[in-house]
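A quick write-up on the structure given underneath.
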2 protein chains.
Amino acid sequence: MEQSAPPRRITIVDVAEHANVSTTTVSKVLRNAYGVSPAMQAKVRKSMSDLGYRPHAAARGLRGRTYTIGLMLPDIRNPFFPEIIDGANEVLDATDYQILLGPARNVREIEHRVTEAMIDRSMDGLILIVPAATPTELEQTARAVPVVVVARHLRSTLLDTVVTDDVAGAALVVDHLADLGHRRIAHIAHAESQRHLVTTMPNTIRAEGYRQAMRARGLGDEIDVVATTYSKEGGYLGARQLLARSRRPTAIFAGADIAAMGALEAIADAGLSVPGDISVVGYDNTDFAALGGIGLTSVEQGGRQMGSDAARLLLERIDDRAKPSRLISLSPTLVVRRSSAPPPR
Amino acid sequence: MEQSAPPRRITIVDVAEHANVSTTTVSKVLRNAYGVSPAMQAKVRKSMSDLGYRPHAAARGLRGRTYTIGLMLPDIRNPFFPEIIDGANEVLDATDYQILLGPARNVREIEHRVTEAMIDRSMDGLILIVPAATPTELEQTARAVPVVVVARHLRSTLLDTVVTDDVAGAALVVDHLADLGHRRIAHIAHAESQRHLVTTMPNTIRAEGYRQAMRARGLGDEIDVVATTYSKEGGYLGARQLLARSRRPTAIFAGADIAAMGALEAIADAGLSVPGDISVVGYDNTDFAALGGIGLTSVEQGGRQMGSDAARLLLERIDDRAKPSRLISLSPTLVVRRSSAPPPR
DNA sequence: AACGCCATGGGTAACGTTTCCCGATGTTGC
DNA sequence: GCAACATCGGGAAACGTTACCCATGGCGTT
């Protein structure tokens, strides 16, 4: 029952006393700063481990860094994002930085609140995954803290960007399906509510890439886009609409695997088979696509690569905020599996 | 090109000057502390919004609260966790608290690192979802910061707990399948590597509940457990093993929907049908289970409820650390769908 | 009329760390 | 052999906020 008083935290002062040096020196050791002899280093480090000292990140933040990186993601249900996060962690695990996640639940206001919260907590840098904010807002954020934007097609002197070529990705899908003999290739898109984001969001660019590719293959008249959302429900509803068409499409290109998942269920519900009656292709190549049974043809974006690139860019920008900004654009590839085949008859 | 110098942050001092009051008063307004007249309140608040002041959470943490709650989860791929998180946010959205997530990637050491990182960042409280730490370690953590543990069956005076009755949940499944006429009911479990956690981890308790229920129905001889992991791969591999038995089970009870998902694919790969050849029941009742095509019978744990209960308990404990600890135990229910039916013949 | 109390506002020292500068030693070059 | 220079360590202020405690003035009691 003895509530054993919350043991006072070991601070830099305790370490300094224990090692018989000044707090300044301890601080220098902590940061690997210049001006400490190896002997000093060793002595102080010993004291730190003897006492079980852990730096108080919040206090550090008041003057220097917090060694914290904030990662904003639109939602935690999309299986593509974990890939990016894994990639970022791959890089960050070897450093003193710690990632903390802030999910925005697909709401602009929440995204804003989360981003501000990260800044207010003195995070050293932010990775924003498909943010819904305007370019201006993003630059505003980038003025306050180093920012890397992932999956938005924008270029700015104030922030770094990692994207994949969504136009090329969409073309891979259309070409693949057209090569198989499909003509009625429909697309399930993620509706963009913000008009001014149309040119920078991956979903709209994927849809536009689809249209371009269709026209390039002489299938301009067959263009058919239903705009729902990149989610299981969105895919399900989108596919339902498409299946109800008088001239039902023979292939569906879902803008995200998670939507493809919903589409597959809608197709099964309708008593149709994949790929016998209808082909389905996704985007993101999540592990769900790879696994047995389903075997979804999908576009590999290199999520891990995006994540690790983003982390690297961010670390470099934290080290030098004046550095010229960079944009890394990755090329997608198509992974063909069992869900796509020639059209019936 | 003008890098427009990072605009200095508005601080409490700026607000105080603008409103012609002391910083103390501003601070009081900020915290809704006692001793400020309504007129003062209004004046200060006006200055705050005029200047666009936002409190610096990290600095606050040095003396008081950071208004940050850390939520540790084992991994971000399990679709059950988002339910819990949504539930917690439901409660926290109305407060000044902000949740930040720390995924542990199913590695004990990372979980430890994440938890420490949260403490070092002066978070006001921690929600730990199915932590892999020992009870002693958890109590150690709870001494440093208010803690609510979710989904571990443990009781401690130092921390609050939210669980569901996993024994009852397992019994619901076994009884349902036995009622349908099944005898060879197998279970896919999540292997527990830590021997001393056996009595408190939900996965082991679910497996034990399965055994108890089987014996209670006189099916003790049919008990068949394969221990893999609660993941798509784990479910796939587990089912493969079970399907290779000479006396193949007629029903599989997967300890988590995500594992059931893998099992479904293994069954499809084997050319068998669900529920014609074999019934499958999951656990967690994730939205995946509910959606069309699949129609997975599953155990509803009330993830949202768990999350909101956890958040409430935590807020109360933050307000009063001496408060006696509480344990909330929720009763699971069975949601029957199409994946379970009487055994063949 | 004197007293004490409450409500309100403010002064100041923390909180744990980093940064800026300075002083005391060697060390080097000529 | 002496100035100039590295190198190493420390003192003290600063970061933005809150906690603690005190000062003031108005009011109700006796």
Side-chain angles (χ1 to χ4, degrees), chain A residues 6-45 47-48 51-68 96 119-124 144-145 318, chain B residues 6-45 47-48 51-68 96 119-124 144-145 318:
Chain A
R8 203 182 53 76
R9 220 189 142 88
I10 307 288
T11 76
I12 209 178
V13 177
D14 301 317
V15 176
E17 279 173 7
H18 185 275
N20 253 306
V21 297
S22 72
T23 59
T24 303
T25 303
V26 178
S27 174
K28 282 182 183 170
V29 171
L30 215 51
R31 294 171 289 132
N32 295 312
Y34 174 85
V36 193
S37 63
M40 236 333 137
Q41 275 266 358
K43 187 168 73 167
V44 173
R45 286 207 186 288
S47 291
M48 296 203 289
L51 297 176
Y53 168 76
R54 269 166 30 209
H56 191 295
R60 300 179 89 168
L62 223 45
R63 295 287 293 181
R65 304 181 174 182
T66 55
Y67 294 92
T68 311
D96 287 334
I119 295 174
D120 295 345
R121 278 151 189 82
S122 295
M123 296 198 177
D124 297 336
V145 61
I318 289 173
Chain B
R8 204 181 53 76
R9 222 188 141 88
I10 307 285
T11 76
I12 209 179
V13 177
D14 301 316
V15 176
E17 279 173 6
H18 185 273
N20 254 308
V21 297
S22 73
T23 59
T24 303
T25 303
V26 178
S27 173
K28 281 182 183 171
V29 172
L30 215 52
R31 294 171 289 133
N32 295 312
Y34 175 85
V36 192
S37 64
M40 223 355 125
Q41 276 265 359
K43 187 167 72 166
V44 173
R45 286 204 189 288
S47 291
M48 295 204 288
L51 297 176
Y53 169 77
R54 270 164 30 207
H56 191 295
R60 299 179 90 166
L62 224 44
R63 294 289 291 177
R65 304 181 175 182
T66 55
Y67 295 92
T68 311
D96 286 335
I119 295 174
D120 295 344
R121 279 151 189 80
S122 295
M123 296 198 176
D124 297 336
V145 61
I318 288 173

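Letters A, B, ... mirror the listed sequences (proteins, then strands); counts begin at 1. Treat the numbers as computed from the prediction; the structure is a model and nothing was measured.
Residue A:Arg65 is out of contact with every strand shown, counting any heavy-atom pair closer than 4.0 Å. Contact annotation for B:Thr11: backbone-only contact, meaning every heavy-atom pair under 4.0 Å involves sugar-phosphate atoms and none involves a base.
For A:Thr66 (side chain) and A:Ser122 (main-chain N/O), a donor-acceptor pair under 3.5 Å exists by modelled atom type.
With contacts defined as side-chain heavy-atom distances shorter than 4.5 Å, the pair B:Val145/B:Asp124 does not qualify. The shortest distance between side-chain heavy atoms of B:Ile119 and B:Met123 does not fall below 4.5 Å. Contact annotation: the side chain of B:His56 never approaches that of B:Ile12 to less than 4.5 Å [non-hydrogen atoms, C-beta and beyond]. You'll find the side chain of A:Met40 reaches within 4.5 Å of the side chain of A:Thr25, heavy atoms only.
Nearest approach of A:His18 to A:Ser47, heavy atoms of both residues: ND1-OG, 2.8 Å. Contact between B:Pro55 and B:Leu30 at its shortest, heavy atoms only, is CB-CD2, 4.1 Å.
What separates CZ of B:Arg54 from P of D:dG16 is a distance of 14 Å, to the nearest Å. Rounding to whole angstrom units, CZ of residue A:Arg60 and P of C:dT18 are separated by 5 Å. Per the geometry, CG belonging to B:Leu62 stands 17 Å off P belonging to C:dA13, to the nearest Å. Regarding A:Asp120, its CG atom lies at a distance of 18 Å from the P atom of D:dC15, rounded to whole Å. Rounded to whole Å, the distance from NE2 on A:His56 to C1' on C:dA14 is 13 Å. If you measure from atom OH of A:Tyr67 to atom P of C:dT17, you get 12 Å, rounded to the nearest angstrom. The interatomic distance linking B:Lys28 (NZ) with C:dA7 (P) rounds to 13 Å, in whole Å. The distance between atom CD1 of B:Ile12 and atom C1' of C:dT12, rounded to the nearest whole Å, is 14 Å.
For A:Ser27 and A:Thr24, the side-chain atoms include no donor-acceptor pair closer than 3.5 Å. A side-chain donor-acceptor contact under 3.5 Å links B:Thr68 and A:Arg121.
Comparing the axis of the opening five pairs of the helix from C:dA1-D:dT30 to C:dC30-D:dG1 with that of the closing five pairs yields an angle of 30°, rounded to 10°.
Checked against D:dT18, D:dC15, C:dT17, the side chain of B:Leu30 finds its nearest nucleotide in D:dT18. For B:Arg63, the listed nucleotide lying nearest its side chain is D:dA19; candidates were D:dA19, C:dT18, D:dG9.
Between A:Arg65 and A:Asp96, no side-chain nitrogen of the basic residue sits less than 4.0 Å from a carboxylate oxygen of the acidic one, so the salt-bridge criterion is not met. Between A:Arg60 and B:Asp120 there is no salt bridge, since no side-chain N of the basic residue sits under 4.0 Å from a carboxylate O of the acidic one.
Contact check of residues 14-24 of chain B against DNA chain C (heavy atom, cut-off under 4.0 Å) returns B:Val21, B:Ser22, B:Thr24. For the contact set between residues 32-41 of chain B and DNA chain C, defined by any heavy atom under 4.0 Å, the members are B:Tyr34, B:Gly35, B:Val36, B:Ser37, B:Met40.
Listed pair A:Arg31 / C:dT19 meets the phosphate criterion, a side-chain N or O lying under 4.0 Å from OP1 or OP2. Proximity of B:Thr25 to the phosphate of C:dG9: no side-chain N or O atom is located under 4.0 Å from OP1 or OP2.
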Inset, instruction - Evaluate salt bridge (charged side-chain N to carboxylate O under 4.0 Å, His left out) for B:Asp14 paired with B:Arg9, printing each intermediate quantity in order. - result: CA-CA 9 Å; B:Asp14 301 316; B:Arg9 222 188 141 88; over 6 Å; no
